[in-house]
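Naming convention: chains lettered A, B, ... in sequence-line order (proteins, then strands); numbering from 1 in each chain.
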Protein chains: 2
Amino acid sequence: MAKPDKRHEIMRAALDLFAEQGFHGAPMALIAERAGVGAGTIYRYFENRDILIKELFNELEADILPFILDGYSDQAPFRARFIHLGSRLLRYFIQHPLHFRYLEQFHNSPYGVAHRRDKILGNEGKCNVFKELFEQGSAQQVLKDLPLPMLIALAFGPLLGVARDHILGFVRLDEELIIKTIEACWDTVKR
Amino acid sequence: MAKPDKRHEIMRAALDLFAEQGFHGAPMALIAERAGVGAGTIYRYFENRDILIKELFNELEADILPFILDGYSDQAPFRARFIHLGSRLLRYFIQHPLHFRYLEQFHNSPYGVAHRRDKILGNEGKCNVFKELFEQGSAQQVLKDLPLPMLIALAFGPLLGVARDHILGFVRLDEELIIKTIEACWDTVKR
DNA sequence: AATTTCGGAATGAACGTTCATTCTGTTACC
DNA sequence: GGTAACAGAATGAACGTTCATTCCGAAATT
């Protein structure tokens, strides 16, 4: 954590390229070039390509959590907490379109599926807050009577779809549309 | 359309491999082997790999439309039509998990994004029915007052998310859960 | 203070592998 | 016997990774 320069440049370049071109369109040589670094140098910081990809994902995930938790209170009413987390998350994606596109690439890849399998059993990271929230909502009967994974899919599905549309330029989300989007997500899962 | 044997076997093998392993994990040689065909033979039926991928997509799309339109009446009340199309689509994905996974692969790839761009302007295929439906719903004020692309994203997001969960084995959708899923989608977009 | 030594960070050419595509000889059909 | 279909080996490009070498700044030595 105390060697910022090259390592950071490599991650930045890799994030840009992966997000914009997909994993395909981003050979190591190109990442190196964009990072202003020799090809071999990457391997001083990352054992191999897969590990670079995974570390990038971990970094992004670690970045998101504090952002969405900012101003969050577990004492607030259920719906308010849902709206808070949802709209923070959507805002994060809007502010960091490359992060969003990277995460989508990651999830639609062998890495992502493997990662998902693990999460379903024990788990940590971003999901934990959400999972906790949804479990509570289920118990309090404020959410629809459905299995937990379904509730999560139902709530995130529209959010991600709208974020994708915004980032690909098919709609332009302003403050009002952000709110309406999250309220629509709420309608999806509320009892 | 009048040379079924080899061509069809190649498409079947390619669909299986692409869906299960992603575009990466499916080299032409392997597709050929699984199709019981020489590697060069593929190129008698498809100019190159990209075209095979695109034709596969077109075939799937052409397959879906009649399936979801089966029993559809444009005279039925709006909500009933929405539920009909949605649950037919979800059922299709459940009955054809490989098709679903292929379509996801396709959409998260350069092909898919390009294809999407075209659709947004003029368009044909599956989207047309849905687009028409949503436009009508907007006009009749039975749907939320949001831009059309957002309504589509909001309605499809949860459907696709739940289908993904089912196909990856995270939930098991039965008849009741299918209905509840589509009703949740309806809640997402209804005014 | 100037000079030398030294550790390890950085480099990029070279390697081995993988893969889409093409080529070539063979088989099947009319 | 000629033509089209076919299989699979050959080809060459692209890529991830390695490694012998260079480079650089910080001790050590004078």
Under the ring pair (Phe, Tyr, Trp, His ring centres under 6.0 Å) test against A:Phe93, which residue among A:Tyr102, A:Phe100, A:Phe156 passes?
A:Phe100
B:Asn108: partners by side chain to side chain donor-acceptor pair (under 3.5 Å), with sequence neighbours left out:
A:Asn108
A:Glu47: what forms a side chain to side chain donor-acceptor pair (under 3.5 Å) with it, not counting sequence neighbours?
none
Of A:Asn48 and B:Val37, whose nearest nucleotide on DNA chain D comes first from the 5' end?
B:Val37
Any side-chain donor-acceptor pair under 3.5 Å between A:His24 and B:His24?
yes
Side-chain donor/acceptor of B:Arg34 to backbone N/O of B:Ala13, under 3.5 Å:
no
Rounded interatomic separation in angstrom, taking CD1 from B:Ile10 and P from D:dA7:
9 Å
Test side-chain hydrogen bond (donor to acceptor under 3.5 Å, both in side chains) applied to A:Tyr92 and A:Asp63, step by step
CA-CA 10 Å; A:Tyr92 181 91; A:Asp63 204 42; 2.9 Å; yes
Counting only N and O atoms by type, is there a donor-acceptor contact under 3.5 Å from the side chain of A:His166 to the main-chain atoms of A:Val162?
no
Would you check if the side chain of A:Arg191 reaches a backbone N or O of A:Lys144 as a donor-acceptor pair within less than 3.5 Å?
no
Polar-atom pairs under 3.5 Å, protein N or O versus N or O of nucleotides 22-26 of chain D: list them with distances, or write none.
none

Once you round it to whole Å, what is the distance between P of C:dA20 and CD1 of B:Ile31?
7 Å
My understanding is that only one of B:Leu159, B:Ile178, B:Ile68 makes a side chain to side chain contact (heavy atoms under 4.5 Å, CB included) with B:Ser87; could you say which?
B:Ile178
For A:His84 and A:Ala80, indicate whether the former's side chain and the latter's backbone hold a donor-acceptor pair under 3.5 Å.
no
I would like to know whether A:Asp50 and A:Tyr111 meet side-chain hydrogen bond (donor to acceptor under 3.5 Å, both in side chains); could you show each step before the answer?
CA-CA 8 Å; A:Asp50 284 8; A:Tyr111 313 109; 2.8 Å; yes
Would you tabulate the pairs of protein nitrogen or oxygen atoms and nucleotide nitrogen or oxygen atoms of nucleotides 9-15 of chain D closer than 3.5 angstrom?
none

Can you check the A:Glu47 CD to D:dT17 C1' distance for me, whole Å?
12 Å
Over how many whole Å does the gap from B:Phe18 atom CZ to C:dC19 atom P extend?
12 Å
Geometric cation-pi criterion B:Arg88 and B:Phe67, 6.0 Å radius, 45° cone:
yes
Go through it in stages, so that I can follow the logic: the residues are B:Glu175 and B:Lys180, the test is salt bridge (Lys or Arg N to Asp or Glu O under 4.0 Å), and I'd like the CA-CA distance, side-chain angles, deciding distance and then a yes or no.
CA-CA 9 Å; B:Glu175 193 51 39; B:Lys180 285 191 170 174; over 6 Å; no
Step through the shown structure and confirm whether more than 12 heavy atoms of other residues, nucleotides or ligands are within 6.0 Å of CD on B:Glu132.
no
I want to verify a distance call: between D:dC6, C:dT21, C:dA10, whose nearest atom is closest to the A:Arg44 side chain?
C:dA10
Whole angstrom is fine here: how far is it from NZ in B:Lys6 over to C1' in D:dG8?
13 Å
In whole angstroms, the gap separating P of D:dG16 from OH of A:Tyr45 amounts to 20 Å
Got a list of protein N/O to nucleotides 24-30 of chain C N/O distances below 3.5 Å?
none

Taking the axis from the first five pairs and the axis from the last five, what angle separates them in the helix from C:dA1-D:dT30 to C:dC30-D:dG1, rounded to 10 degrees?
10°
Could you tell me the separation between the CD1 atom of B:Ile42 and the C1' atom of C:dT22, rounded to a whole number of Å?
14 Å
Could you check how far CZ of A:Arg7 sits from P of C:dA9, rounded to whole Å?
14 Å
